[in-house]
Amino acid sequence: MQRLLALACLFVVGASKVLLTGPFTDSPVNNRPIIGILTQQVVDKQMARFGKTYIPASYVKYVESGGSRVMPIRLNQSLAEYEKIFKSINGMLFIGGAVSLETSDYARAARAFYRLALEANDAGDYFPIWGTCMGFQLLTVFVAGHNLLSNTTAENLALPLNLTKEVPSSRMFEGFSAKLLKALSQENITGNFHHYGVTVKTFRGNDKLQQFFSILSTNIAENGAEFVSTIEGRKYPFYGVQWHPEVNQFQWKPNLHFPHSKNAVRVSSLLSEFFVNEARKSLHRFPQT
Ligand SMILES: *[C@@H]1O[C@H](CO)[C@@H](O)[C@H](O)[C@H]1NC(C)=O
Ligand SMILES: *[C@@H]1O[C@H](CO)[C@@H](O)[C@H](O)[C@H]1NC(C)=O
Ligand SMILES: *[C@@H]1O[C@H](CO)[C@@H](O)[C@H](O)[C@H]1NC(C)=O
Ligand SMILES: *[C@@H]1O[C@H](CO)[C@@H](O)[C@H](O)[C@H]1NC(C)=O
């Protein structure tokens with residue numbers, strides 16, 4: 001009799017789903033995330049015979065290695081089209097490249113997603129954005145409202161990060177062991193391929209940037225300028241790196257300084273997992289996925 005009662009209880013609890021929404025369960029998780037990546041216009045003549053726009057494979061592999069799929073998003077779509085896509089994807093990766101941060105088709109499309117993401121997060125609809133290199137620069141332009149870049153050349157240079165005191169309380173580096181953080185601050189494991197960036201002085205002197213982001217790391221450029229290399233939104237799940245985490249796992253040109261050490265690959269892998277975990281908090285979906 002007692003056993004029957006116990007079974008009945010389990011059944012009732014299971015059927016009513018009371019426990020699923022109770023205080024002891026985590027927020028809902030989306031284990032089939034899809035991250036959007038904007039295509040870029042082909043300028044290289046060698047590549048032109050393959051098509052007009054492209055996404056470098058390393059970014060796609062990077063996102064996939066964290067457990068997400070990628071939706072390539074074309075430039076020049078209507079805002080209505082972007083709104084529709086936005087409601088189906090779970091995060092955006094703004095990738096590196098070399099186009100105007102204010103007037104290019106790429107910047108216009110990225111700005112549309114940035115605005116949609118701001119509104120969504122304000123309404124409690126979690127939506128993360130990650131910017132790498134030019135993507136990082138774009139985020140600073142969107143937040144500051146204008147272009148604050150200056151010469152911070154670090155071209156084909158692998159560097160350690162000068163980590164700030166905000167790192168221990170950051171979300172981005174939460175899953176890093178003390179040992180790996182030490183390696184990140186001492187070994188040449190972040191690949192830099194840029195000419196422009198935001199100096200620490202400019203960043204700290206801009207109220208909008210300062211209020212929006214915490215600075216997690218800085219570096220010294222070839223011309224001696226100290227630039228911001230890693231940022232994290234204080235309130236929004238927006239992240240930016242001036243360096244290239246994806247190259248550590250997925251780029252192999254021998255004449256370029258792509259870091260491939262065990263620690264370099266671990267850093268890349270933890271950050272792709274981190275960003276995909278952020279995307280798992282977004283419940284947007286396509287009608288069929
Ligand atoms: C977007 O539209 C503009 C203006 O029509 C055109 O010049 C440009 O090539 C288009 N870009 C892409 C990537 O299709
Ligand atoms: C790290 O890179 C710097 C700059 O290129 C170089 O001077 C230094 O020797 C490198 N350190 C190691 C341990 O490879
Ligand atoms: C870190 O900061 C120190 C002090 O400003 C500087 O000497 C060093 O070059 C920086 N390291 C890197 C990798 O930028
Ligand atoms: C940036 O500064 C370096 C060192 O002063 C210089 O060699 C380079 O040409 C400058 N680059 C740009 C894009 O202005």
Side-chain angles (χ1 to χ4, degrees), residues 14-40 53-95 105-132 135 138-139 142 171-172 174-175 232-233 235-241 245-246 250 268-289:
S16 68
K17 292 191 178 162
V18 167
L19 288 180
L20 291 180
T21 53
F24 305 112
T25 48
D26 286 326
S27 308
V29 170
N30 171 8
N31 282 329
R32 300 180 67 79
I34 296 179
I35 289 170
I37 301 185
L38 290 166
T39 58
Q40 295 203 24
T53 58
Y54 76 109
I55 296 172
S58 53
Y59 292 103
V60 175
K61 294 182 194 172
Y62 176 75
V63 166
E64 289 182 344
S65 76
S68 173
R69 285 167 291 171
V70 166
M71 176 179 186
I73 303 174
R74 289 188 181 281
L75 303 179
N76 276 1
Q77 308 256 59
S78 68
L79 187 57
E81 195 64 36
Y82 287 148
E83 277 170 0
K84 198 171 149 206
I85 292 170
F86 181 79
K87 287 186 189 136
S88 310
I89 60 174
N90 311 105
M92 277 297 280
L93 172 59
F94 294 162
I95 64 176
D105 299 335
Y106 185 89
R108 220 170 7 215
R111 189 189 300 273
F113 280 97
Y114 169 77
R115 288 200 176 132
L116 290 168
L118 271 187
E119 282 168 23
N121 283 298
D122 283 342
D125 174 17
Y126 205 84
F127 190 93
I129 297 182
W130 182 286
T132 291
L138 272 175
L139 282 175
F142 296 157
R171 303 182 296 277
M172 198 193 287
E174 204 179 78
E232 170 174 292
K235 177 175 158 212
Y236 295 89
F238 297 172
Y239 306 89
V241 286
E246 77 289 349
F250 299 113
S268 173
S269 152
L270 281 174
L271 291 179
S272 73
E273 281 174 29
F274 166 76
F275 186 55
V276 171
N277 278 334
E278 289 289 276
R280 285 193 177 95
K281 297 177 192 167
S282 159
L283 304 181
H284 294 184
R285 50 174 298 193
F286 285 90
Q288 286 174 328
T289 46

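In this chain, numbering begins with 1 at the start of the sequence shown. Every heavy atom of this structure was used, including side-chain atoms; hydrogens, water molecules and symmetry mates were not. Computed from a prediction, not measured in an experiment: that's the story for all the values here.
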Do the side chain of [X] and the main chain of [Y] share a donor and acceptor less than 3.5 angstrom apart?
{"X": "Ser282", "Y": "Glu278", "result": "no"}
{"X": "Thr132", "Y": "Ile95", "result": "no"}
{"X": "Arg171", "Y": "Phe274", "result": "no"}

Self-check item: Contacts of Glu246 that satisfy salt bridge (charged side-chain N to carboxylate O under 4.0 Å, His left out) - sequence neighbours left out
Solution: none

So, for [X] and [Y], which heavy atoms are closest and what is the spacing to 0.1 Å?
{"X": "Ser68", "Y": "Pro33", "value": "OG-O, 3.2 Å"}
{"X": "Leu79", "Y": "Ala112", "value": "CD1-CB, 3.9 Å"}
{"X": "Ile55", "Y": "Thr39", "value": "CG1-CA, 3.9 Å"}
{"X": "Val63", "Y": "Arg69", "value": "CG1-O, 4.0 Å"}

Quiz item: Roughly how far apart are Asn90 CG and Leu283 CG, rounded to 0.5 Å?
Solution: 8.0 Å

Within the 4.5 Å heavy-atom criterion, are [X] and [Y] side-chain neighbours or not?
{"X": "Ile89", "Y": "Phe286", "value": "yes"}
{"X": "Phe94", "Y": "Phe142", "value": "yes"}
{"X": "Trp130", "Y": "Ile35", "value": "no"}
{"X": "Phe127", "Y": "Leu116", "value": "no"}
{"X": "Asn31", "Y": "Arg280", "value": "yes"}
{"X": "Met92", "Y": "Phe86", "value": "no"}

Exercise. Would you mind listing every side chain to side chain donor-acceptor pair (under 3.5 Å) that reaches into residues 106-125, with sequence neighbours excluded?
Key: Asp105-Arg108, Asp122-Tyr236, Asp125-His284

Would you list the atom pairs, donor with acceptor, under 3.5 Å between side chains in residues 71-78 and any protein atom, with sequence neighbours excluded?
| from | atom 1 | to | atom 2 | distance (Å) |
| --- | --- | --- | --- | --- |
| Ser78 | OG | Glu81 | N | 3.1 |

Exercise. Only counting residues at least two apart or in another chain, list the ones meeting side chain to side chain donor-acceptor pair (under 3.5 Å) with Ser65.
Key: Ser272

Quiz prompt | Contacts of Lys61 that satisfy side-chain contact (heavy atoms from CB on, under 4.5 Å) - sequence neighbours left out | solution = Ala57, Phe250

Quiz item: With sequence neighbours left out, which residue pairs that include part of residues 56-85 fulfil the ring pair (Phe, Tyr, Trp, His ring centres under 6.0 Å) condition?
Solution: Tyr82-Phe113

